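Since the model is a prediction, treat every value here as computed from it, not as a measurement.
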Amino acid sequence: MKEISAAPAPAPGPVVLGVDDLRPLPQATRIARTSREGVRLLEEHRARYVDELWLDHDLGGDDTVMPVVSLLEQAAFDGRPFRIGEVLVHSANPVGAATVVRSLERWGYRVRRASAEGRPDRT
């Protein structure tokens, strides 16, 4: 009698994470709405390759994405940067967005400004 082997598991799709308090981010596979949730989300994906990470600077009230940025910076400082294909900063706050871009570029992350709809910002 011939043994039946299980079909190979399908390859997982791209991992697209978002940290944004309001936008739906339809391209994201998981969304965090606060900086605390964003840190937790990244820690959950520490051992995985993240295709895209979408970041909004202002997360409501006094909350910003800077704790997430600090986690990414600390990981790079420790010689263990997160494996992220591209970080896309889609904040309406130009000063905050520039700070995020500058901070992450300094540590070697591939980062650019983008609109939440996925188009590069022209500003």
### Query
What's the spacing between H45 NE2 and I84 CD1 if we round to 0.5 Å?
11.0 Å
Donor-acceptor pair, side chain of [X] and main chain of [Y], under 3.5 angstrom:
X    : Y   : answer
D20  : L22 : yes
H90  : L55 : yes
R23  : D56 : no
S91  : A97 : no
Y109 : L72 : yes
R112 : V87 : no
D51  : V15 : yes

### Message
Restricting to non-hydrogen atoms, name the atom on V69 and the atom on S103 that form the minimum distance, rounded to 0.1 Å.
### Response
CG1-CB, 3.9 Å
### Listed partners of R80 passing side chain to side chain contact (heavy atoms under 4.5 Å, CB included), at least two apart
R46
### Summary
Residue pairs meeting side-chain hydrogen bond (donor to acceptor under 3.5 Å, both in side chains), one or both in residues 65-77, sequence neighbours left out, come to Q74-D78
### Message
Assess whether a salt bridge exists between R110 and E105, defined as any Lys/Arg side-chain N lying under 4.0 Å from an Asp/Glu carboxylate O.
### Response
no
